[in-house]
Amino acid sequence: LYIITKDGVYLYEDTKLKLVLKEDIRKLAGTQPFTWKAPVNIVYVVNYDKQTWDIPIEKKRQYAAVDSGFIAQNVYLHCASEGMASVFRGMIDTEAVHKKLSLPKNKEVLYGQSVGFPKEVSGESK
């Protein structure tokens, strides 16, 4: 998981966040304008080297997609419990993010998930 904020990009590894890029790249985090202002965008990246069994890449991608869904659901549940909002998206320029993060060939950007607070409508949260 990579966490994109206005302050930079962090890699979530071993239950810690490690700064990997000190630049605001939220405009790469999704093609929809709300992603550009979201305080947090999570980018789901598969590392094919961690999938050591001998199966076709399409099957590895399928397993990674399922695992991403599990993680995304936990993010949704946390956001709901804290009055926050979240949107899981496939609308992300995967190639641009891959290039900007200088990811090796064995890693592939799969999805994005924006996290923030609900937009207020007429003075009430929606």
Side-chain angles (χ1 to χ4, degrees):
L1 297 177
Y2 286 83
I3 312 301
I4 298 174
T5 71
K6 68 177 181 174
D7 298 322
V9 181
Y10 301 82
L11 173 62
Y12 179 75
E13 188 173 62
D14 299 324
T15 68
K16 294 179 181 150
L17 291 177
K18 174 186 170 190
L19 182 65
V20 294
L21 182 64
K22 191 170 174 65
E23 182 180 344
D24 183 355
I25 66 163
R26 290 179 294 170
K27 286 205 173 185
L28 295 179
T31 59
Q32 297 144 303
F34 68 85
T35 63
W36 309 339
K37 294 181 181 178
V40 172
N41 283 287
I42 301 168
V43 175
Y44 293 79
V45 176
V46 59
N47 180 348
Y48 291 116
D49 287 350
K50 288 189 175 186
Q51 296 174 326
T52 57
W53 53 93
D54 188 23
I55 57 175
I57 193 76
E58 295 80 21
K59 200 57 138 169
K60 289 182 177 189
R61 187 177 294 115
Q62 182 181 20
Y63 290 137
V66 170
D67 288 341
S68 295
F70 294 148
I71 298 166
Q73 184 62 40
N74 283 321
V75 172
Y76 270 112
L77 290 170
H78 175 77
C79 288
S81 75
E82 296 296 322
M84 299 172 74
S86 184
V87 179
F88 187 77
R89 302 169 283 93
M91 296 178 74
I92 180 173
D93 187 341
T94 58
E95 290 179 23
V97 173
H98 193 278
K99 184 177 179 181
K100 188 66 174 178
L101 297 179
S102 301
L103 297 175
K105 193 174 183 176
N106 64 313
K107 293 185 178 182
E108 181 182 356
V109 176
L110 296 177
Y111 303 105
Q113 186 171 18
S114 298
V115 175
F117 296 93
K119 187 175 182 178
E120 291 199 1
V121 179
S122 302
E124 295 181 26
S125 293
K126 182 175 180 182

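Along the sequence shown, residues carry numbers from 1. Heavy atoms only: backbone and side chains are in, while hydrogens, waters and symmetry mates are out.
Going from atom OG1 of T52 over to atom NZ of K60 covers 7.5 Å, rounded to the nearest 0.5 Å. One distance of note links CD1 of I71 with OH of Y12; it measures 9.5 Å at 0.5 Å rounding. Here the straight-line distance linking atom CD of E23 with atom NZ of K6 works out to 15.5 Å at 0.5 Å rounding. Annotation: the span from E58 atom CD to R61 atom CZ amounts to 6.0 Å, rounded to 0.5 Å. In this structure, the separation between CG on L21 and CG on L101 is 6.5 Å, given to the nearest 0.5 Å. Remark: Y2 OH to E13 CD distance equals 8.0 Å, nearest 0.5 Å.
Remark: side-chain polar atoms of N41 are paired, donor with acceptor, to backbone N or O of T35 under 3.5 angstrom. No donor-acceptor distance shorter than 3.5 angstrom exists from the side chain of S114 to the backbone of S86, with no hydrogens or angles considered. H98 contributes a side-chain N or O that, together with a main-chain N or O of K107, makes up a donor-acceptor pair within less than 3.5 Å.
Nearest heavy atoms, L28 versus A96: CD2-CB, 3.9 Å. In terms of heavy atoms, L110 sits closest to A64 at CD1-CB, 3.7 Å. For G83 against F117, the heavy-atom pair with the smallest separation is O-CD2, 4.4 Å.
Among residues at least two apart or in separate chains, ring pair (Phe, Tyr, Trp, His ring centres under 6.0 Å) pairs with a member in residues 23-52 are Y44-F88.
The hydrophobic cluster containing I3 also contains Y76, counting ILVMFWY residues as joined when their side-chain heavy atoms lie under 4.5 angstrom apart, directly or transitively. Cluster membership for V75 and Y111, using ILVMFWY side-chain heavy atoms within less than 4.5 angstrom, is shared. Cluster membership for Y10 and V20, using ILVMFWY side-chain heavy atoms within less than 4.5 angstrom, is not shared. L11 and V45 fall within the same hydrophobic cluster, where Ile, Leu, Val, Met, Phe, Trp and Tyr residues are linked whenever their side-chain heavy atoms come under 4.5 Å apart, directly or through other members. Linking Ile, Leu, Val, Met, Phe, Trp and Tyr residues whenever their side-chain heavy atoms come within less than 4.5 Å places I4 and L103 in a single cluster.
Side-chain contacts under 4.5 Å among hydrophobic residues (ILVMFWY), followed directly or transitively, place F70 together with V66.
Using a 4.0 Å cut-off between charged nitrogen and carboxylate oxygen, R26 and D24 count as a salt-bridge pair.
By the 4.5 Å heavy-atom criterion applied to side chains, Q51 and V46 are counted as neighbours. Between N106 and N47 there is a side-chain heavy-atom pair separated by less than 4.5 Å.
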